[in-house]
Amino acid sequence: MVRENRLSHAWLFFGPEGSGVLPLSLALARYILCTNRGESDSCGVCPSCNKVNKYIHPDLHFTFPVNKTKDVDKDSPVVSDDFIADWRAFLLSQPYGRVTQWYDAIDLENKQGIINTDESKRLAGKLNLKPFESDYKVAIIWQPEKMNDQAANKLLKLLEEPPPNTIFILAGENPDQLLTTIRSRCAQVKIPRISDSALHGALIEKHHVGPGRATDVVRLVSGNYLRAMEVLSEEEEAGSNFSQFRYMMQLCYGKKIPEMVKFAEEMAGLTRERQKAFLEYGLRSIRENLALHFNTPDILYITSEEQEFVPKFARFITGENVESIIHELSSAITDIERNGNGRMIFLDMVLKLSGMIKK
Ligand SMILES: [Zn+2]
């Protein structure tokens with residue numbers, strides 16, 4: 001339609017989480033604005049594509065749900081432009097991101113984001129200007145369901161009498177929550193979940209996952225690309241917790257004090273969430289070791305590396321020290337939750353663990 005110059009002026013793309021509604025909207029915007037279009041995609045390298053890739057093209061306008069935060073507060077209602085730097089960072093890190101992740105990215109805490117009347121006024125003002133660089137202006141409205149009624153009615157006016165050379169792309173999940181009058185003004189496209197074979201291919205080509213592993217991930221995520229990325233990063237985290245934990249136990253066993261101090265400093269440099277995740281992993285490991293110590297066979301291993309280490313490690317954990325080891329890890333978690341000094345907490349913990357593990 002772009003090539004034949006019969007592009008509808010308003011689109012409503014909708015589909016389930018992780019199906020790529022927003023990435024597809026961005027791809028269409030990039031194609032419309034590209035100065036060197038190919039048959040089936042934008043060139044990706046022209047100045048226009050470069051600007052779209054950084055989400056800084058002056059003819060590409062974004063509207064998304066926001067609300068007042070600790071950092072962004074003023075007497076008048078806040079609008080998307082107040083958060084544009086956060087928005088760009090969000091898109092660069094994960095354009096498939098869900099709305100709650102966006103709220104976390106701007107520290108909305110327990111508030112909901114909305115698209116308010118000021119937002120629609122601001123958009124109307126921008127779209128009434130001539131395009132800066134391109135033949136078109138493209139307005140992407142992400143999560144249009146979050147418009148309040150006044151904002152929706154203002155947008156409806158814009159859709160009814162669109163400014164010249166303007167393309168609206170509404171990118172949402174639940175079209176039923178939109179005014180019927182808005183829906184009927186848009187060309188509606190339902191984006192299906194990603195097919196298992198396409199997702200399988202993407203995991204192998206873009207994320208260098210082995211074919212067997214890719215099959216396992218695909219089976220878990222029902223065509224949701226975002227979930228697939230989360231499963232991969234959870235696995236990565238589990239792997240790194242394991243090697244850190246093994247390292248820590250080796251230091252404790254070898255009573256290597258200077259290395260312990262360094263270890264505590266490194267751990268203190270992580271976020272509290274990561275520190276806690278590490279200790280919780282440790283607790284789980286100890287319980288599994290305990291099970292192994294008493295020859296319980298039904299243990300779940302994550303990796304083959306772990307399978308090798310755990311039996312050796314099981315020799316240090318005995319009926320005598322297991323209670324105190326579990327106690328040390330648990331109280332470190334409590335201290336971290338109470339905002340204690342990370343360096344002190346970890347150093348104290350490894351020194352005590354070291355005393356509990358007999359050579
Ligand atoms: Zn281009």
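By the criterion of side-chain heavy atoms lying less than 4.5 angstrom apart, applied directly or through intervening Ile, Leu, Val, Met, Phe, Trp or Tyr residues, Leu270 is grouped together with Tyr281 in one hydrophobic cluster. Linking Ile, Leu, Val, Met, Phe, Trp and Tyr residues whenever their side-chain heavy atoms come within less than 4.5 Å places Leu92 and Ile140 in a single cluster. The cluster map of Ile, Leu, Val, Met, Phe, Trp and Tyr, joined by side-chain heavy atoms under 4.5 Å apart, puts Phe90 and Leu26 in the same cluster. Both Ile106 and Tyr55 are members of a single hydrophobic cluster when ILVMFWY side chains are connected at heavy-atom separations under 4.5 Å. Residues Val138 and Val2 are members of one and the same hydrophobic cluster, defined by side-chain heavy-atom contacts under 4.5 angstrom among Ile, Leu, Val, Met, Phe, Trp and Tyr.
In the displayed structure, Glu323 atom CD is contacted under 6.0 Å by at most 12 heavy atoms of other residues, nucleotides or ligands. Annotation: Lys157, atom NZ; neighbour count of heavy atoms from other residues, nucleotides and ligands within 6.0 Å does not exceed 12. Counted within 6.0 Å of NZ on Lys126, heavy atoms from surrounding residues, nucleotides or ligands total more than 12; the atom is thus considered enclosed. Within 6.0 Å of NZ in Lys111 there are more than 12 heavy atoms belonging to other residues, nucleotides or ligands. Counting non-hydrogen atoms of neighbouring residues, nucleotides and ligands closer than 6.0 angstrom, the CZ atom of Arg37 exceeds 12 such neighbours.
Side-chain contact check for Lys130 versus Asn165: every heavy-atom pair is 4.5 Å or farther apart. At least one side-chain heavy atom of Glu145 sits less than 4.5 Å from a side-chain heavy atom of Glu173. Side-chain contact check for Trp142 versus Val99: some heavy-atom pair is nearer than 4.5 Å. At least one side-chain heavy atom of Leu178 sits under 4.5 Å from a side-chain heavy atom of Met147. Between Glu133 and Thr35, the closest side-chain pair of non-hydrogen atoms is not below 4.5 Å. Between Ile336 and Leu279, the closest side-chain pair of non-hydrogen atoms falls below 4.5 Å. Between Met1 and Ser8 the shortest side-chain heavy-atom distance does not fall below 4.5 Å. By the 4.5 Å heavy-atom criterion applied to side chains, Leu22 and Tyr96 are not counted as neighbours.
Between the Asn36 side chain and the Cys46 main chain, no donor and acceptor come within less than 3.5 Å of each other. At distances below 3.5 Å, at least one donor-acceptor pair connects side-chain atoms of Asn116 with backbone N or O atoms of Glu119. Of the possible donor and acceptor atoms, one in the side chain of Ser80 sits under 3.5 Å from a partner among the backbone N and O of Phe64. Between the side chain of Glu4 and the backbone N or O of Arg6 there is no donor-acceptor pair closer than 3.5 Å. Without hydrogens or angle criteria, Ser120 side chain to Ala151 main chain gives a donor-acceptor distance under 3.5 Å. Using a distance-only test at 3.5 Å, with no hydrogens or angles considered, a donor-acceptor pair links the side chain of Thr166 to the main chain of Pro164. Of the possible polar contacts, one joining the His9 side chain to the Leu159 backbone as a donor-acceptor pair under 3.5 Å is found. When atom types are taken as modelled, the side chain of Lys255 and the backbone of Ser354 share a donor-acceptor pair closer than 3.5 angstrom. Panel note: side chain Lys137, backbone Asp59; no donor-acceptor pair is recorded below 3.5 Å. Without hydrogens or angle criteria, Tyr31 side chain to Gly38 main chain gives a donor-acceptor distance under 3.5 Å.
Under the salt bridge (charged side-chain N to carboxylate O under 4.0 Å, His left out) rule, Lys262 has a single partner from Glu265, Glu266, Glu259, which is Glu266.
Gln112 and Asn67 are not linked by any side-chain donor-acceptor pair at a separation below 3.5 angstrom, with hydrogens and angles left out of the test. Side-chain contact of Arg30 with Ser48: a donor-acceptor pair under 3.5 Å is absent, judged by distance alone.
Expressed to the nearest 0.5 Å, how far CZ of Phe263 lies from CE of Met248 amounts to 5.5 Å. Between His327 atom NE2 and Met356 atom CE the span is 7.5 Å, to the nearest 0.5 Å. In this structure, CG in Asn321 is found 7.0 Å from CD1 in Ile357, a value given to the nearest 0.5 Å. The distance from atom NE2 of His208 to atom CG of Leu232, rounded to the nearest 0.5 Å, is 11.5 Å. In this structure, CG in Asn148 is found 12.5 Å from NZ in Lys146, a value given to the nearest 0.5 Å. Atom-to-atom distance recorded for Leu351:CG and Ile257:CD1 is 5.0 Å, nearest 0.5 angstrom.
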**OP:** Run the numbers on Asn50 and Val52 for side-chain contact (heavy atoms from CB on, under 4.5 Å), then give the verdict.
**Re:** CA-CA 5 Å; Asn50 262 320; Val52 174; over 6 Å; no

**OP:** Given side-chain contact (heavy atoms from CB on, under 4.5 Å), test Asn341 with Ile345 step by step and report yes or no.
**Re:** CA-CA 6 Å; Asn341 176 318; Ile345 295 169; 5.6 Å; no

**OP:** Output, in order, the C-alpha distance, side-chain angles, deciding distance and verdict of side-chain contact (heavy atoms from CB on, under 4.5 Å) for Phe83 and Trp102.
**Re:** CA-CA 11 Å; Phe83 295 91; Trp102 164 240; 4.2 Å; yes

Subject >> Chi angles and distances behind the side-chain hydrogen bond (donor to acceptor under 3.5 Å, both in side chains) call for Arg122, Thr63 >> reply: CA-CA 10 Å; Arg122 175 201 63 100; Thr63 306; 3.1 Å; yes

**OP:** Given side-chain contact (heavy atoms from CB on, under 4.5 Å), test Ser134 with His57 step by step and report yes or no.
**Re:** CA-CA 9 Å; Ser134 164; His57 196 296; 4.3 Å; yes

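Ion pairing of Arg284 with Glu280 is absent here, as no side-chain N (NZ or NE/NH1/NH2) approaches a carboxylate O to less than 4.0 Å. Remark: Glu230 engages Arg98 in a salt bridge, criterion side-chain N to carboxylate O under 4.0 Å. Checked for salt-bridge contact, Glu17 and Arg193 miss the test: no charged N lies under 4.0 Å from a carboxylate O. Ion pairing of Lys352 with Asp348 is present here, as a side-chain N (NZ or NE/NH1/NH2) and a carboxylate O approach within less than 4.0 Å. The pair Asp82-Lys74 meets the salt-bridge criterion, since a charged nitrogen lies less than 4.0 angstrom from a carboxylate oxygen. Note on Glu109 versus Lys70: salt bridge recorded, some NZ/NE/NH1/NH2 to OD/OE distance being below 4.0 Å.
Closest heavy-atom contact between Ser19 and Ile191: O-CG2, 4.0 Å. Among all heavy-atom pairs drawn from Ala228 and Leu203, the shortest one is CB-CD2, 4.3 Å. Here the shortest heavy-atom pairing between Ile204 and Pro211 reads CD1-CA, 3.9 Å. Nearest heavy atoms, Pro144 versus Ile141: CD-O, 3.7 Å. Contact detail for Asp75 and Lys68: the closest heavy-atom pair is O-NZ, 3.7 Å. Residues Arg343 and Ala268 share a closest heavy-atom pair of N-CB, 3.5 Å.
Between His207 and Tyr225, the two ring planes are tilted [angle within 30° to 60°].
Aromatic pair Trp11/Phe168: ring centres not closer than 6.0 Å. Taking the six-membered ring for Trp, Phe62 and Trp87 have ring centres closer than 6.0 Å.
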